[in-house]
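Throughout, residue positions are numbered sequentially from 1 according to the sequence presented.
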Amino acid sequence: KPMTKYLDIDTIEFQKGAALQDENKQTIPTEYKIIRGDDSEIYVEISAMPVAFDDGVYLIVILSDVSYRKLSELLKTENEESRRMLEEAQYYEGIKNDFFSNLSHELRTPLNVIMSTLQVIDSQIESITKQDKTEKMKKHVRIMRQNCYRQLRIVNNMIDITKIDSGFYDLKLENLNVVTVIESITMSVSEYIKNNSINLIFDTDLEERIIAIDPDSIERIMLNLLSNAVKFSKEGGTIRVMIQNTENHVFISVKDSGIGIPDNKKNYIFERFRQVDKSLTRNHEGSGIGLSLVKSLVMMHGGSISVESSKGEGATFIFSLPAVTVAERREGEEEKEEKKPKFNIEKIQLEFSDVYGFQS
């Protein structure tokens, strides 16, 4: 019967492949799939050599069943893939466990502070004088308010991350002078930063650039980066906010003189639920959501974000925004007039609520 009845390859191609020889003139075995009479498939290794007879040249073909070897190779590949998937699952399971462990700590700590403050109020409310009562009550209320903000910040971040992941977070883009927006946000927290004995410098190489931005999201980005800079800077340190301009982008950087980020940690600084310091005894709060949210908001604007840092030498977070207007981003929409951004003091208290020593 013709060979093509059993092989899924034409005879000419088979003859070329089957008669391949290496540099030592040895036949090179070639692997093919064969269909047997019962329509089942097996893998064979085929080698052939030409033999001359009086009436012509023929091929002596040797077929070796290598189905078991092939199956073994497939199983090995599948096992390696399964092992890789298992390791990946264990890796992300570890991240998730770390996150929920730290999140429990984040949520519990403010509650403990609030409960302790209420106990202090209960114990003192009958004994202290009217004059002292007013001052002490104000102090206790400030402590409770700050810790309420800390919890609200965590919940807001989790809600927004969920909205972004599910595609329900929409930017409310406006044509605004990005320089004015960034400067206003920076100056709005200058007193809080000064109260932590840290110097704040704002610098820009341009005075005006009208681009499409969502002022609330930009405020969220800047306050998060600034609060991080405060948390990881020592007294007497400096935080520098700089705006630089190119033809197609505006670059905003937030540089601090703090503890810096080790080289082996920079790769996952923007990953969801990841932290440089994962221990529950770390010096600064954080659920590992903030920078991931910042990155998502920057990317939704069409920009990018990166970090430059070395351990002990501070960190510089740089994000870019495309220099386009609303009309350029969304053809056919009517442009809005430039507005002066307004910032809510409560948002500052919210984003700075996990800075130790912060007073609202």
Side-chain angles (χ1 to χ4, degrees), residues 169-194 196 198-230 233 237-258 270 290-291 293-309 314-330 333-352:
Y169 192 104
D170 294 323
L171 296 179
K172 297 177 175 62
L173 295 173
E174 302 178 31
N175 290 322
L176 296 173
N177 181 2
V178 66
V179 180
T180 301
V181 173
I182 299 298
E183 183 177 13
S184 298
I185 297 170
T186 303
M187 292 301 102
S188 70
V189 299
S190 60
E191 287 300 317
Y192 299 100
I193 294 176
K194 183 179 178 181
N196 281 269
I198 298 172
N199 300 312
L200 177 63
I201 299 173
F202 176 79
D203 191 15
T204 176
D205 65 1
L206 73 162
E207 295 300 323
E208 182 180 83
R209 191 74 188 267
I210 306 298
I211 63 173
I213 57 175
D214 176 355
D216 288 338
S217 296
I218 297 299
E219 182 181 21
R220 193 80 170 274
I221 292 167
M222 285 300 300
L223 290 180
N224 193 295
L225 295 179
L226 287 167
S227 66
N228 275 347
V230 172
S233 293
T238 299
I239 296 174
R240 180 185 295 272
V241 177
M242 181 176 292
I243 304 177
Q244 294 176 301
N245 186 44
T246 66
E247 181 179 355
N248 299 317
H249 291 87
V250 176
F251 291 87
I252 299 98
S253 63
V254 178
K255 180 179 182 179
D256 64 63
S257 56
F270 295 106
L291 285 177
L293 179 60
V294 165
K295 180 179 179 180
S296 295
L297 293 175
V298 169
M299 292 180 67
M300 288 181 72
H301 276 81
S304 61
I305 186 167
S306 61
V307 62
E308 298 174 358
S309 179
T316 303
F317 286 87
I318 306 167
F319 67 95
S320 66
L321 298 172
V324 294
T325 63
V326 173
E328 290 170 331
R329 284 179 64 110
R330 303 172 179 174
E333 284 195 10
E334 183 180 350
E335 290 194 30
K336 299 178 181 179
E337 294 182 0
E338 180 191 351
K339 299 178 181 179
K340 186 174 181 179
K342 297 180 180 179
F343 302 106
N344 190 334
I345 190 66
E346 190 170 9
K347 290 182 181 179
I348 299 172
Q349 295 170 341
L350 196 67
E351 294 297 334
F352 276 68

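When all heavy atoms are compared, the tightest approach of E208 to V179 is N-CG2, 4.1 Å. The two residues G303 and P322 make their nearest non-hydrogen contact at N-CD, 3.9 Å. Taking each heavy atom of I239 and S233 in turn, the nearest pair found is CG1-OG, 4.3 Å. Among all heavy-atom pairs drawn from A323 and I211, the shortest one is CA-CG2, 3.6 Å. Of all non-hydrogen atoms in M222 and V241, the two that sit nearest each other are CE-CG1, 4.0 Å. Of all heavy-atom pairs spanning V298 and I305, the tightest one is CG1-N, 4.3 Å.
Without hydrogens or angle criteria, E328 side chain to T325 main chain gives a donor-acceptor distance under 3.5 Å. Of the possible donor and acceptor atoms, one in the side chain of R329 sits under 3.5 Å from a partner among the backbone N and O of H301. With N175 contributing its side chain and I210 its backbone, the two residues share no donor-acceptor pair below 3.5 Å. Between the S320 side chain and the V250 main chain, no donor and acceptor come within less than 3.5 Å of each other. Not a single donor-acceptor pair under 3.5 Å links the side chain of S257 to the backbone N or O of G237.
Looking at M300 and D214, their side chains never come closer than 4.5 Å, going by heavy atoms from C-beta outward. When side chains are defined from C-beta on, L225 counts as touching F319, because their heavy atoms get closer than 4.5 Å. With a 4.5 Å cut-off on side-chain heavy atoms, T316 and R240 do not count as touching. Contact annotation: the side chain of S217 approaches that of Y169 to within less than 4.5 Å [non-hydrogen atoms, C-beta and beyond].
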Handout entry: Evaluation steps, side chain to side chain contact (heavy atoms under 4.5 Å, CB included), between E183 and T204
Key = CA-CA 9 Å; E183 183 177 13; T204 176; over 6 Å; no

Practice task
Take N177 and E207, measure what side chain to side chain contact (heavy atoms under 4.5 Å, CB included) needs, and give me the verdict at the end.
Solution key: CA-CA 9 Å; N177 181 2; E207 295 300 323; over 6 Å; no

Practice task
Apply side chain to side chain contact (heavy atoms under 4.5 Å, CB included) to the pair I198 and D256, showing each step before the final yes or no.
Solution key: CA-CA 10 Å; I198 298 172; D256 64 63; over 6 Å; no

Practice task
Quick one: do I218 and L321 satisfy side chain to side chain contact (heavy atoms under 4.5 Å, CB included)? Show the steps, please.
Solution key: CA-CA 10 Å; I218 297 299; L321 298 172; 3.9 Å; yes

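Atom CG of D216 and atom NZ of K172 lie 7.5 Å apart (nearest 0.5 Å). Rounding to the nearest 0.5 Å places OG of S304 at 6.5 Å from NE2 of H249. How far CG of D203 is from CE of M242: 4.5 Å, rounded to the nearest 0.5 Å. Note that OG1 of T186 and CD1 of I201 are 12.0 Å apart. Values are rounded to the nearest 0.5 Å. Going from atom CG of L297 over to atom CD1 of I221 covers 5.0 Å, rounded to the nearest 0.5 Å. The OG atom of S190 lies 13.0 Å from the CD1 atom of I185; values are rounded to the nearest 0.5 Å.
Heavy-atom contacts from other residues, nucleotides or ligands closer than 6.0 Å to CE of M187 number more than 12.
When the options L291, N224, I252 are evaluated for a side-chain contact (heavy atoms from CB on, under 4.5 Å) with F317, the one that passes is L291.
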